[in-house]
Amino acid sequence: MSGAVVLALRLLAAVALYGFLAWALIFLFREIQRQAVALAVRRVPGLSIMVESPGGHGVLRYFNQAEITIGRDPGSDIPLSDDTVSARHAHLVYHHNQWWIEDLASTNGTMLNKLPVTIPTVITSGDEIQCGSIGLSISLSENVIIEPTQRLDKQTHSQ
Amino acid sequence: MNQKTQGRLLQWAALFLFLQSIILTLSPAVRERSWDVDYRFSHWIGFSAWGILTYIAHRSLTKSLPERDTFLFPLASLLSGWGILTIWRLDEGFGLRQTAWLGLSTIVFVAAVSRLKSLSLLKRYKYLFLSAGLIVTGLTLIFGTNPLGFGPRLWLSLGDLYFQPSEPLKILLVIYLSAYLAERVKIRLTSLPLLIPTIVVIGLALLLLIVQRDLGTASIFILIYTVFLFIASGKRRMLLATGAFLLVSLSIGFYFVDVIQVRVMGWLNPWSDPTGNSYQITQSLLAVANGGVLGRGLGIGSPLLVPVSISDFIFSAIAEETGLIGSLGIILLFWLLLTRGLTIALRSPDNFRRYLASGIASYLGIQSILIIGGNLRLLPLTGVTLPFVSYGGSSLLTSYIALYLLLAASNIEDDEPASLRDSRPIPFLAGLFAFGFAACAVTGAWWSVIRGDDLLARTDNARRAIADRYVLRGKLVDSNNRPINITTGKSGSYIRTYYYPDLAPISGYTHPVFGQAGLEANLDGYLRGLQGNPTSLILWNQLIYGTPPPGLDVRLSLDLNLQTTADELLGTYPGAVILMNAETGEILVLASHPTFDPNRLDSEGEMLTQNESSPLLNRATQGLYPVGDVFLPILEAKFPGEIPFNSRLITLYEESGLFRTPSITLPSVDYTLPNSVEDLRASPLQVCLAAAAISYQGILPAPRIATAVNTREQGWVVLPALGEPRVLLPPEAAKEAAFSLIEEGGAFWSHIATGNISKTAVTWFLAGTPPDWQGAPLAVVVAVEKHNPALAERIGKSLLNAALDR
């Protein structure tokens, strides 16, 4: 009789041990989820770029994503059909609360305010970028774009 | 969210430990299968202390390190609580001490958490820490001692307190290496700056190994250093090089350092010397096997059979009492701890924290894999502790300091991780450790499930003897249900009592030290309840008690009245007497002298094995005596009036079953063909079967001694004879032979013979009921170990008369 009672307790103890482990895994999963959400709602200040075209008049483009690629490749965010531009020429990345420009080992190099970009460099409004023979001018938007979806909203509240 | 994780996990940990405490309280009731026992309560002190200390630390963490990793503390807390309960179960004194050590560790931990939130102090004073650690460790070379009074002298003593400086030295080394390497931007393996730490580490390891004989700590130092070099340089060949280096030093050390030789031999081939150098590892594997899947339950197994189960072998103690479920759980806990540690390393905003977190995590991982693998015979045994779990103040304190360092490193407030020069090392390390833990888990499953039954059936498994103290063993009774060997006492102190000691060479004994012999060994399955009981009952008992069900009684064909007569007649003469029912083969009397008293095995057992008159030998079935002319009557019946050639003689002996072991539930010798006919020997049982053929229709009966077993469901069930009766002589020839052997006016046939080979002399006396006997036909054989026909004849005739008068 005592054996059966203790057997039940042993099974319960096993449940408790694996309950601990299961909760640990659930919390781990939630942590990943939370981190993903946190990264997804991270505020990216919008960026306006005036792209010089060979004809002389520029095209103004507006972005609110964290990475903007520049290159001759048509898939680029800013496609530049110019022979002096490499296929993957440079990119603009937002991290550490700053916009950065990084040259992606392009053939003709990237210039920031007439100086060659060799390491990732912080950019700000009014900066002039030169990719090959094409010039781009940067202006940071004042109004911050956030994209809170319904689902994200719910999750941030539930936490 | 953050705080909730830690609180919720701690609640589960508390629930688990609470249930384990109840199990431990109730465990005496299960062991003795009764509610009327002394329950265990003292470990509740440990549980309550754990609860209070954990709560204090939980509060302090929540307040002081709001951004810390919330998994680490619950993991460590569950491990240390589990350790305290296991230690308390093994030894209450040590349990209390460990609780005190947990108190001290928690105080140090809470103080560090609330006062030393920044780790920059450690970075600044790295050389101070390292030198202090080295000096204190160096002191053990001079003032070192061992709490046990023998073994490696790794401790410093302060009155009654012992401290092992090599434990915190591991942490100090990790701090030093982290600070040192973090100062250097790029590490090349060939660069000069690496020279100093390399010399420090290798020198330390060698010193520990050669002077202190501490194989475990030495290899941990080398491995920790390798991990640092690997993370700093990103070169995978670093790991290979260290692996090769360890292998080479292991093989060199094998020849020069005895402790390595002992450990490696014990690892490679433990079963060759299970009572000597590999005693620990074989006992550890038996404990793991006894755990099975579900474990015996805290307090219900026998982990104390494993030496130093409170520290080095605590993992096998846990595996025995919580089974594969528990050992997998503990491996998972350590794996989570390690993974969180490496995650902290990845998120660190600077290199110092990154090195520190990965170093501490690797230290915990390496040490737990080394000792868990050592316990499971996956790796050679290294006497290191299982972090957080094992008994030991220095070990627990060191584990808590490691925990503090990890938590402090994880308390990052909104800083971006430092960029990683090479993405490979940390994930590779995580994979390597995961592989190590997975290998431990698979090995654990191998010993506890797949190989478990084989291991537990080993005769050197002391758990069988322990089960005998708690489970009623079946009785051996004679044909009139008079007890021969029975178990007396109450559960927990059952002992086997031998009511008829003169039968000892036949009925045998079952003894915790001397094992089993005779019928006790051959009928062990029934007597122990593993045979004749329904499988479900056996499984149920195995599940709830870890023992077989109560044993079944076995009835023997022996008649104690006649047995007494035979024993009195044979007296002090060495020899054997058998009386058999010639028709059924049932053995009514089986005497072998000299005999011994199995009730006094405790005091006399050692002498018995050396006694020159070999009282332990069952002469009736195992004794081989020169045949001489004992088969003459059969010879004459088979080949009337002629002297047969040797080849036909051999055929006859073959037919008489001389070259075969009689099938009977008793130990018998294995027969080999003799070199010549003159060299022929036979056991009294074989001769008795031939005599039975003369008494009853020329048939060699199948001998029987165990006739029935008392099962739970069907009562007494007949145990059939193991062999088949075989025809030796035509019935007419047997009849004639018997008549020709009856003396003038005698009531039965008889034949006296002597055998003599070199110095062994034996007198045989064969007799039996005549062919026209109305009752059960009988055959008797007497063998006395000297030339004395009158004695043999007197014994045989008196016994036969007593049997006929019955």
Side-chain angles (χ1 to χ4, degrees), chain A residues 1-44 66-67 91 93-100 102 104 118-122 152-159, chain B residues 1-2 4-6 8-23 25-35 37 69-71 74-75 78 82 293-300 321-323 325-326 328-330 332-333 336 339-340 343 415-416 540-541 543-546:
Chain A
M1 187 54 209
S2 52
V5 172
V6 171
L7 177 67
L9 286 169
R10 280 155 62 197
L11 292 171
L12 277 178
V15 169
L17 174 61
Y18 283 83
F20 179 98
L21 287 165
W23 271 104
L25 291 179
I26 289 170
F27 284 133
L28 268 180
F29 175 70
R30 285 204 193 148
E31 191 190 74
I32 291 171
Q33 222 176 17
R34 203 177 54 222
Q35 210 159 20
V37 169
L39 289 176
V41 300
R42 191 187 265 183
R43 296 163 171 223
V44 178
E67 186 185 0
H91 69 173
V93 198
Y94 184 79
H95 62 84
H96 285 86
N97 298 322
Q98 305 274 14
W99 274 105
W100 302 69
E102 189 176 356
L104 297 174
T118 50
I119 55 165
T121 312
V122 175
L152 296 180
D153 248 358
K154 237 190 266 168
Q155 288 215 341
T156 36
H157 284 303
S158 70
Q159 288 153 21
Chain B
M1 172 75 189
N2 230 4
K4 217 175 86 186
T5 312
Q6 181 164 310
R8 176 62 59 83
L9 288 176
L10 284 174
Q11 283 167 11
W12 278 101
L15 175 65
F16 171 72
L17 296 175
F18 176 70
L19 288 167
Q20 291 286 21
S21 299
I22 299 181
I23 294 173
T25 297
L26 295 180
S27 64
V30 182
R31 289 184 85 94
E32 294 172 33
R33 293 160 174 60
S34 144
W35 292 108
V37 291
D69 186 291
T70 44
F71 294 84
L75 289 168
L78 173 54
W82 200 344
V293 175
L294 200 54
R296 299 276 68 87
L298 198 61
I300 304 167
E321 303 210 315
T322 56
I325 288 184
L328 283 186
I330 219 161
L332 278 171
L333 292 177
L336 270 173
T339 317
R340 293 309 293 178
T343 315
D415 247 341
E416 291 251 343
W540 176 248
N541 272 273
L543 188 64
I544 61 173
Y545 300 120

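Not measured: the values here are computed from a predicted model. Convention: sequence-line order gives letters A, B, ...; per-chain numbering from 1.
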Output for pair (B:L75 CG, B:Q6 CD), nearest 0.5 Å, gives 10.0 Å
Give the table of side-chain donor-acceptor pairs shorter than 3.5 Å for residues 4-18 of chain A, with sequence neighbours excluded, one pair per line with atom names and distance.
unit_1 : atom_1 : unit_2 : atom_2 : d
A:R10  : NH1    : B:L543 : O      : 3.1
A:R10  : NH2    : B:G295 : O      : 2.4
A:R10  : NH2    : B:L543 : O      : 3.0
A:Y18  : OH     : B:I325 : O      : 2.6
A:Y18  : OH     : B:G329 : N      : 3.3

With sequence neighbours left out, the residues meeting side-chain contact (heavy atoms from CB on, under 4.5 Å) with B:L9 are A:F20, A:W23, A:A24, A:F27, B:T5, B:F71, B:P74
Per-residue tally against chain A (heavy atom, under 4.5 Å) across B:I330, B:L78, B:L26, B:L15 peaks at B:L78
Turns out that what part of B:R340 lies under 4.5 Å from chain A's heavy atoms comes down to side chain
One should read off an interatomic distance between B:R296 CZ and B:R31 CZ, to the nearest 0.5 angstrom, of 11.5 Å
When the 4.5 angstrom heavy-atom criterion is applied to B:L328 and chain A, the contacting part is both
If you tally heavy-atom pairs under 4.5 Å between each of B:I300, B:I22, B:L294, B:L10 and chain A, the highest tally belongs to B:L294
